[in-house]
Structure formats: C-alpha cells, structure tokens
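Report on one structure; see the data block that follows.
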Amino acid sequence: MGDTNLSAVLYAEDDMRLEEFPVKDPGPGEVQISMHSTGICGSDVHYWKHGRIGDFVLTTPMVLGHESSGTVCKVGSGVTSLKVGDRVAIEPGVPCRVCNYCKTGRYNLCREMQFCATPPYHGTLTRLYTHPADFCFKLPDNVSYEEGALLEPLSVGVHACRRAGVSLGSKVFICGAGPIGLVNMLTAKAMGASKVCISDISEGRLGVAKTMGADSIVLVNTKDAKAVAKQVETALGEMPDITIECSGAESSIQTGIYATKAGGVLMLVGLGPAEIKLPVVNAACREVDIRGLFRYANCYPAALEMIASGAVDVKPLITHHFTLEESLEAFETSRTGAGGAIKVMIKCAKQ
Ligand code: NAD
Ligand code: ZN
C-alpha cells in the first residue's frame with residue numbers, strides 16, 4: 001500500500017470523481033494488471049445516475065467499470081498460469097468457489113459473489129487493478145485489448161444462447177439491438193442459428209444490427225405485442241424456436257411470449273421494471289419455457305475462442321473512445337447514446 005493511481009470513483013448518485021485511489025498489491029494467487037481498456041455497461045451508468053441497482057446500494061466510494069483487459073505487471077505468490085507481460089481479459093465476478101453453486105459449475109448464482117463495480121467491490125476504471133489469476137484469460141496476439149474487454153458482454157450472449165439451447169438450424173428472435181442484443185445475435189449465428197430476426201424501437205440500432213449480420217429486422221412502433229409477434233413471424237417466414245429478450249421492456253417481453261413457437265424457449269436477459277404484466281396462460285398452454293439469466297458462468301473461454309477464431313466480430317460494437325481522464329464525458333455519451341453510441345470504450349492506460 002502507499003501507492004495511488006488515477007481512478008473513476010463513484011461517491012454517490014451523480015457524483016463520480018477522477019482521483020488518486022490506493023493500489024492493492026497482489027496477494028497469493030492474484031495478479032496486478034496495468035489496465036488498458038474498459039467498456040462502459042448500462043449498469044455502470046445506472047450506478048452513476050442512481051447510486052443503486054435493486055438491493056445493491058452504494059454506501060462507500062467505489063471504482064466503476066467491469067468490462068476490461070490489460071497487461072499483467074506484478075504476480076502474487078503461487079501464480080503459475082500467468083507472468084509479467086501477459087495480455088489478459090478480466091472476468092469480473094469472483095465467486096466463493098466452495099458453495100454448492102460454485103461446485104456444480106453455476107458459480108454466477110453464488111451468494112458470496114464479488115463482482116467488479118457491484119457495491120461494495122471496486123471495478124476496473126483505474127490504472128492498476130488487482131484480481132485473482134484464475135479469473136484472468138490470456139489473450140492471443142490476434143485478439144486486441146478492446147476485444148478482450150468485450151468478452152464480458154459477449155459472455156452474456158454465450159450464456160443466454162447456451163441456456164436457450166440455440167443449435168444448428170435454430171430460428172431465433174432477439175428483442176432489443178443494444179450491445180447485449182447484438183452480442184446475442186452474433187453468438188446465435190456462431191452457434192448455428194439459420195435465421196436471426198432482431199427488433200428495436202430505434203432505426204439507427206437496427207441499421208447496425210443489419211450490417212452486423214441480422215437476417216431480418218423489425219422496427220417496433222406499437223405496444224400491441226400480438227401485432228409485433230405477427231411482424232416477427234412474417235420477417236422470419238415462421239415463428240422463432242427461441243426468443244432472447246434483451247430490452248427489458250414490458251411490451252417486448254409480452255411480444256416474446258406471443259412470438260415464440262409452441263414448445264420453444266423465451267430467455268429473459270433484459271432487466272426492466274421489477275413487476276410487469278405478462279400473458280402467462282398463453283405461455284403455459286403452448287409450453288413456452290420462460291428462463292431467467294444472470295450474467296454467465298464458464299463462458300469466457302468460449303467467448304475468447306469465438307473472437308480468436310473469427311467466428312464473431314465484435315469490433316463494430318465499439319463506436320466511441322475516451323481516455324480515463326474523460327470518463328465523465330464517456331459516461332454521458334453512453335447514457336444518451338449521442339452520436340449513435342453503442343459501446344463506449346475508455347482507455348485506462350496513461351496517454
Ligand atoms: P440498451 O439499453 O443499450 O439496449 C436495449 C435496447 O432495447 C435499446 O436499443 C432500446 O431501443 C431497445 N428497446 C426498448 N424498448 C424496446 C421494445 N419495446 N422492443 C424492442 N426493443 C426495445 O441495453 P444493453 O446494454 O443492450 O442491455 C440490454 C438489457 O440487458 C438491459 O436491460 C440490461 O440490464 C440487461 N442485462 C442483463 C444481464 C443479465 O445478466 N441478465 C446482463 C447484462 C445486461
Ligand atoms: Zn460460491
């Protein structure tokens with residue numbers, strides 16, 4: 001301890017400060033990382049503007065950011081998997097490793113999860129960050145730092161497509177063409193989906209989805225869920241086997257139920273209002289399975305392989321670049337979507 005480094009620290013709602021923050025030396029099994037890139041996620045923006053998400057409430061100052069990559073600069077005792085100079089992506093959630101969820105591989109459900117920039121745990125918008133080595137993934141030379149940072153949202157896509165059972169020939173409908181909808185679209189295609197239709201209320205975002213490989217798009221301009229479901233069926237030529245809801249909007253989740261083929265799956269990825277009205281009898285009588293999703297577990301390796309092999313190209317998601325010193329402007333751009341912002345990247349390294 002003693003050393004400090006520039007960090008984006010949230011003190012309270014609407015009170016993010018760029019200031020010197022203590023550096024943590026790597027303990028046993030940990031590495032210190034000279035941070036390179038951190039992408040801004042909707043949850044970072046939400047903590048910034050509201051100081052809380054559900055039951056997670058900011059009570060002490062917290063460094064923001066959790067989609068990140070950098071270079072190992074110090075290695076703690078016992079670390080054999082990484083060495084100084086290795087470029088890594090950081091999986092931001094570290095579970096207890098010993099509970100039943102952890103032992104059975106569903107560590108995203110661990111009650112002791114320590115997740116970057118979820119209070120009270122610090123995030124990665126800093127120059128020097130320390131993390132357990134086994135939650136760092138070495139990047140091959142052909143994967144950039146920014147792509148490494150995007151392994152985080154891409155892992156949400158991998159987890160959602162796995163849980164939904166996307167496979168060869170699946171017809172998939174994705175609601176919402178934000179970063180999460182787009183990574184789900186890329187993953188579904190890489191996993192063999194034959195047709196992917198994506199919806200949004202924004203024409204601009206649908207345009208991006210189209211250039212990134214959507215087979216069809218649906219511009220939503222009504223809250224009439226049955227009407228939108230009909231549009232989806234027309235766009236795909238049939239009803240989708242799987243719907244992956246990535247907007248959280250009430251009418252969109254309703255659409256997800258009506259749109260999905262009988263016997264299919266509706267995956268709830270988007271998180272909107274805590275309580276909403278849904279046509280559950282329709283889902284029940286047509287055996288549409290509604291499945292929840294919380295982040296990801298064991299998905300970083302597959303996400304990394306997809307990028308390294310060229311099976312997916314996440315680079316078009318990145319629309320804006322800022323330095324750590326410009327964090328406030330970066331957050332504002334992400335919040336407003338100004339200039340067609342989709343994924344805003346912050347370069348944490350000193351310029
Ligand atoms: P985003 O806000 O950038 O994207 C949401 C998109 O949905 C926007 O483009 C918006 O225009 C569109 N939309 C709004 N209403 C719509 C409607 N009625 N029909 C179709 N599209 C509509 O957010 P994001 O970063 O892409 O994240 C998407 C959602 O996923 C958020 O709710 C986020 O909280 C959630 N999320 C959940 C998990 C999880 O573990 N379950 C992880 C990451 C993100
Ligand atoms: Zn656990």
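Fair warning: this is a prediction, and the values are worked out from it, not measured in the lab. In listed order, ligands and their atoms are each counted from 1.
- The closest protein non-hydrogen atom to atom 35 (C) of ligand 1 is V269 O, 3.6 Å.
- Take the Zn ion (ligand 2) as the corner point: the lines to SG of C96 and to SG of C102 open at 110°, to the nearest 10 degrees.
- The protein non-hydrogen atom at the shortest distance from atom 14 (C) of ligand 1 is I201 CD1, 3.7 Å.
- Vertex the Zn ion (ligand 2), arms ending at SG of C110 and SG of C99: the angle is 120° after rounding to 10 degrees.
- Two residues are said to be in side-chain contact when any heavy atoms from C-beta on lie closer than 4.5 Å; L6 and E19 fail this criterion.
- The shortest contact between atom 20 (C) of ligand 1 and any protein heavy atom is with S199 OG, 3.5 Å.
- Distance from atom 31 (C) of ligand 1 to its nearest protein heavy atom, with residue and atom name: L271 N, 4.1 Å.
- Atoms of ligand 1 lying under 4.0 Å from at least one heavy atom of G270, given by number and element, are 29 (C), 30 (O), 32 (O), 35 (C).
- In this structure, R97 and P132 have side chains that are in contact, with non-hydrogen atoms separated by less than 4.5 Å.
- A salt bridge is absent between E152 and K343; no separation between the charged side-chain nitrogens and carboxylate oxygens falls under 4.0 Å.
- Residues K315 and E146 are not paired through a salt bridge, judged by the lack of any N-O separation under 4.0 Å between the basic side chain and the carboxylate.
- Looking at R205 and D200, no side-chain N of the basic residue comes within less than 4.0 Å of a carboxylate O on the acidic one, giving no salt bridge.
- Looking at atom 22 (C) of ligand 1, its nearest protein heavy atom turns out to be S247 CB, 3.6 Å.
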>> Applying side chain to side chain donor-acceptor pair (under 3.5 Å) to E245 and S252, what does each step give before you reach the verdict?
In response: CA-CA 7 Å; E245 208 299 315; S252 182; 2.7 Å; yes
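- Close contacts of ligand 1 with G178, meaning ligand atoms under 4.0 Å from a residue heavy atom, involve 3 (O), 4 (O), 6 (C), 9 (O), 26 (O).
- Annotation: atom 40 (O) of ligand 1 to nearest protein heavy atom, R295 N, 2.6 Å.
- Geometrically, R52 does not engage Y47 in a cation-pi contact defined by less than 6.0 Å to the ring centre and at most 45° from the axis.
- When each of L182, D215, I244 is tested with I198 by the rule side chain to side chain contact (heavy atoms under 4.5 Å, CB included), just one qualifies, namely L182.
- The backbone N or O of N5 lies less than 3.5 Å from a partner atom in the side chain of E20, making a donor-acceptor pair.
- Ligand 1 places these atoms under 4.0 Å from at least one heavy atom of F294: 40 (O).
- The closest non-hydrogen atom to atom 6 (C) of ligand 1, taken over L182, N221, D200, comes from D200.
- Atoms of ligand 1 lying under 4.0 Å from any heavy atom of S252, numbered from 1 in the order shown and given with element: 17 (C), 18 (N), 19 (N).
- Less than 4.0 angstrom separates some heavy atom of S251 from each of these atoms of ligand 1: 18 (N).
- Between E250 and K277, none of the side-chain N atoms (NZ, or NE/NH1/NH2) sits under 4.0 Å from a carboxylate O, so this pair counts as no salt bridge.
- Of all the atoms in ligand 1, the ones that sit under 4.0 Å from a non-hydrogen atom of R205 are 1 (P), 3 (O), 4 (O), 8 (C), 9 (O).
- Checked by distance only, ligand 1 and L293 come closer than 3.5 Å through their nitrogen or oxygen atoms.
- For the pair R87 and Y145, the cation-pi criterion (under 6.0 Å, within 45° of the ring axis) is fulfilled.
- Ligand 1 lies nowhere less than 4.0 angstrom from a heavy atom belonging to G272.
- Counting only heavy atoms from C-beta outward, the side chains of R127 and M35 never approach each other to under 4.5 Å.
- Geometrically, ligand 1 and I180 share a nitrogen or oxygen pair separated by less than 3.5 Å.
- The shortest contact between atom 28 (C) of ligand 1 and any protein heavy atom is with C246 O, 3.1 Å.
- Hydrophobic cluster membership differs between V94 and L125, with clusters built from Ile, Leu, Val, Met, Phe, Trp and Tyr side chains linked at under 4.5 angstrom.
- Inclusion of P179 in the set of residues having an N or O under 3.5 Å from an N or O of ligand 1 is warranted.
- The distance from ligand 1 to the heavy atoms of A249 drops below 4.0 Å at these ligand atoms: 15 (N), 18 (N).
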